[in-house]
Amino acid sequence: MRIYNSITRKKEEFIPVIPGQVGIYVCGPTVYGPATLGHARTYTNFDVIVRAFRFLGYKVKYVQNITDVGHLVGDADEGEDKIAKRAKLEQLDPYEVAYKWELEYFNAMRALNIEPPSISCRATGVIPEIIEMVQTLIDKGFAYATPQGNVYFSIRKYPKYNQLTNRKIEEALSGERIEIADDKQAPEDFALWKKAEPEHLMRWNSPWGVGFPGWHVECSAMGKKFLGDNFDIHGGGLDNIFPHHECELAQGECANGVLPMNYFMHNNLLTVDGVKMGKSLGNFITIAKALEDNSASTLRLFIIQFHYRSPIDFTNDGLVQAAKQFDKIASAVAKVRGKTNEIAELKSEITSDIFAKIKVALEDDFNTPVVISEVLHAVKEINKTDDIQLLKEFNYIIQKIFEEVLGFEFEVQTEKVAHENVVPDNILELAEQRWQAKQGRDFARADELRKQLDEIGYVIVDEKGSYKVEKK
RNA sequence: GGCUCGAUAGCCAAGUGGUAAGGCAGAGGUCUGCAAAACCUCCAUUCCCCGGUUCAAAUCCGGGUCGAGCCUCCA
């Protein structure tokens with residue numbers, strides 16, 4: 001098993017802390033708005049990674065946070081955090097806002113057939129652990145509390161700062177939630193704990209006064225709580241690499257005495273028609289919207305066709321291609337399952353070869369594009385054969401790879417199609433007339449009826465000795 | 001401006017030292033009265049450009065050009 005480690009910028013052999021087990025932490029969403037295709041990309045990527053680990057025999061503990069403590073609003077809205085701002089707009093309690101979007105997030109994930117993490121934890125649920133970690137950092141001399149009630153991490157105490165992004169320390173601007181304070185010893189120091197202004201609704205007591213945690217500590221505290229001082233993998237979107245992950249590395253290593261994660265994995269981002277997707281740019285597509293026109297499996301296939309470290313440009317053409325490919329896969333699966341539901345051990349050269357290649361691809365930094373190409377290879381072989389024994393073997397690959405690792409859903413798909421294909425009686429009548437004409441070798445009449453049906457949106461597909469009518 | 005990553009056929013996309021996977025589109029064929037689907041065959045002497053290392057480079061090194069992301073919250 002080899003994975004690309006952002007810390008060393010190299011593909012490395014994966015050596016788990018505990019043999020046979022994987023502890024993975026992935027940065028979750030800030031719940032202040034709808035889940036977008038960006039979220040779909042990131043969590044589909046890590047979903048497949050976790051599924052692949054399990055398929056390869058690892059026991060996985062997958063932890064994800066829900067950031068329900070807001071972040072600084074980008075523009076001139078001084079002092080307000082995102083969640084508090086939204087709450088005022090909607091006349092809701094900030095906890096209500098956070099919970100509403102958290103539910104939406106989980107619904108969107110479920111709709112995409114993304115398995116929930118082993119542990120999902122809200123930032124507001126680890127306030128004691130955060131305070132404890134901040135205190136540790138102060139005690140060890142890496143952080144300092146100011147008379148104003150803020151606590152900052154002193155970057156100069158951690159010479160390795162910026163190991164992920166190679167930035168010069170002078171350029172490392174602070175990434176804290178509130179930018180009023182000038183009580184820092186150095187401008188690049190980042191906040192661990194911030195004093196709450198009177199209008200700030202989310203607030204907790206602490207040794208430094210009433211306040212709320214800085215942006216980066218929640219992930220460190222949670223990772224430590226659920227996975228220990230030193231765990232295997234920390235993942236997240238590339239956009240979090242700076243400053244968030246740099247800060248995590250710094251505070252984590254200083255607090256724990258050891259680098260918290262052995263591997264850092266970053267998935268690349270998603271653009272829409274070549275442009276970055278952002279809430280502020282107004283070009284974001286929500287998952288709910290995307291699912292109106294596409295099946296979850298099509299979206300998954302679209303995402304998985306790219307390597308997780310490559311950028312994805314979301315275009316209509318790309319989606320159309322993915323939909324076509326998924327239909328192709330689904331009809332091959334339908335063929336197999338139409339003939340047999342049994343599963344057989346892989347004995348033939350063709351199935352074991354495909355299976356082996358998929359395994360190799362997954363073990364090589366989760367190379368899903370290569371996996372998909374083997375999936376299409378399997379589809380081709382399925383279409384070529386009527387050997388029941390062989391189809392039973394393919395059934396195994398379909399279950400293990402198509403469904404368990406890649407997360408495609410087929411049953412739902414076919415049921416849905418069947419449901420949508422309720423054809424009215426008058427159409428059935430026309431189709432039957434056409435069939436009779438064909439049987440009577442009156443092809444002119446048959447073609448005429450086919451054309452008529454086509455015009456009202458129905459397609460006839462002839463099969464051996466029978467036919468099917470389908471809505472286009 | 002600094003940092004990081006990328007540039008592979010009409011389009012999308014793997015491959016990171018041993019002689020270019022796969023898909024879409026396109027061309028031809030088999031099957032079918034026709035059609036659809038499926039299957040078969042063809043479709044990059046070449047991997048942005050220029051130099052270098054090597055028996056050997058799309059793959060490594062140097063220099064360009066272009067593109068994306070980060071440097072402010074973001075998956």
Side-chain angles (χ1 to χ4, degrees), chain A residues 6 9 11 26-30 32-33 35-46 64 67 70-75 81-82 105 162 164-168 170-177 179 215 235-244 246 266-271 274-281 284 301-302 305-307 309-313 315 317-325 327-328 331-332 335 357 361 364 367-377 379-385 438 441-444 446-447 450-451 454 459-464 467-468 470:
Chain A
S6 299
R9 288 195 201 101
K11 262 194 215 175
V26 175
C27 286
T30 302
Y32 70 103
T36 67
L37 285 178
H39 298 97
R41 198 237 157 122
T42 292
Y43 301 117
T44 298
N45 282 155
F46 282 103
Q64 203 181 88
T67 299
H71 294 164
L72 178 72
V73 173
D75 48 36
D81 75 32
K82 275 182 180 170
Y105 166 73
N162 278 338
L164 282 176
T165 44
N166 264 351
R167 256 167 254 261
K168 296 201 174 65
E170 301 78 50
E171 290 160 4
L173 296 170
S174 53
E176 80 272 33
R177 281 178 173 145
E179 58 184 335
W215 173 32
L238 199 52
D239 50 347
N240 275 143
I241 200 164
F242 187 89
H244 188 228
E246 288 288 5
H266 290 100
N267 62 281
N268 215 127
L269 306 179
L270 181 139
T271 55
V275 185
K276 182 191 154 137
M277 185 178 71
K279 288 183 171 112
S280 49
L281 292 171
F284 69 92
L301 177 60
F302 175 75
Q305 264 181 323
F306 297 78
H307 188 87
R309 282 189 286 112
S310 301
I312 296 181
D313 189 34
T315 62
D317 283 359
L319 217 48
V320 168
Q321 248 199 54
K324 272 188 194 173
Q325 279 186 21
D327 284 348
K328 206 168 166 169
S331 63
K335 171 181 171 176
K357 281 183 175 156
D364 181 21
N367 195 332
T368 53
V370 169
V371 173
I372 296 301
S373 110
E374 284 307 315
V375 164
L376 292 168
H377 181 193
V379 164
K380 190 172 273 190
E381 295 297 333
I382 287 167
N383 286 331
K384 270 201 271 192
T385 188
K438 180 184 164 170
R441 304 195 69 77
D442 182 357
F443 296 128
D447 287 348
R450 174 191 282 285
K451 206 178 149 197
D454 182 72
V459 183
I460 294 175
V461 179
D462 288 340
E463 293 168 338
K464 280 173 205 155
Y467 65 94
K468 263 193 321 204
E470 284 172 357

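As the structure is a computational prediction, the values presented were derived from the model and not from experiment.
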Inset, instruction - For Asp454(A), check salt bridge (Lys or Arg N to Asp or Glu O under 4.0 Å) against everything at least two apart and list the hits. - result: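 For Asp454(A) the salt bridge (Lys or Arg N to Asp or Glu O under 4.0 Å) partners, ignoring immediate neighbours, are Lys472(A).
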
Inset, instruction - Assign the ring pair Tyr43(A) / His39(A) to parallel, tilted or perpendicular, where the plane angle (0 to 90°) is split at 30° and 60°. - result: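 Aromatic pair Tyr43(A)/His39(A) classed parallel.
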
Inset, instruction - Would you kindly check whether a donor in the side chain of Arg309(A) faces an acceptor in the base of rC5(B), or vice versa, at under 3.5 angstrom? - result: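 There is none.
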
Inset, instruction - Look at the side chain of Arg41(A) and the base of rA75(B), then say whether one donor and one acceptor between them are separated by less than 3.5 Å. - result: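 Side chain to base: no pair below 3.5 Å.
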
Legend entry - Protein-to-nucleotide contact annotation, 5' to 3' order, nucleotides 24-29 of chain B [B base; S sugar-phosphate only; - none; under 4.0 Å, heavy atom]: SS----

Inset, instruction - Check ring-ring contact (aromatic ring centres under 6.0 Å, His included) between Tyr467(A) and all other residues, then give those that pass, not counting sequence neighbours. - result: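 Listed in chain order: Trp435(A).
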
NA contact type, [X], heavy-atom cut-off 4.0 Å: base, sugar-phosphate, or nothing?
X	answer
Gly38(A)	base
Leu269(A)	base
Thr271(A)	nothing

Inset, instruction - Determine, stepwise, if the pair Thr42(A) / Asn267(A) fulfils side chain to side chain donor-acceptor pair (under 3.5 Å). - result: CA-CA 6 Å; Thr42(A) 292; Asn267(A) 62 281; 2.9 Å; yes

Legend entry - Any strand: nucleotide that pairs with rU32(B) via Watson-Crick or wobble, under 3.5 Å: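 Its partner is none (no Watson-Crick or G-U wobble pair with both distances under 3.5 Å).
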
Legend entry - Partner nucleotide of rC48(B) by Watson-Crick or wobble geometry (both distances under 3.5 Å):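 Across any shown strand, rC48(B) pairs with rG64(B).
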
Legend entry - Whichever of Asn367(A) and Leu270(A) has its nearest RNA chain B nucleotide further upstream toward 5':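 Its nearest nucleotide lies further toward 5', so the answer is Asn367(A).
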
Inset, instruction - Return the 5'-most residue of the pair Ile372(A), Ala446(A) with respect to RNA chain B, ranking by each residue's nearest nucleotide. - result: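 Its nucleotide being nearer the 5' end, the pick is Ile372(A).
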
Inset, instruction - Measure the NZ-CD1 distance between Lys328(A) and Ile382(A) for me, rounded to the nearest 0.5 Å. - result: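 With rounding to 0.5 Å, NZ (Lys328(A)) is 12.0 Å from CD1 (Ile382(A)).
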
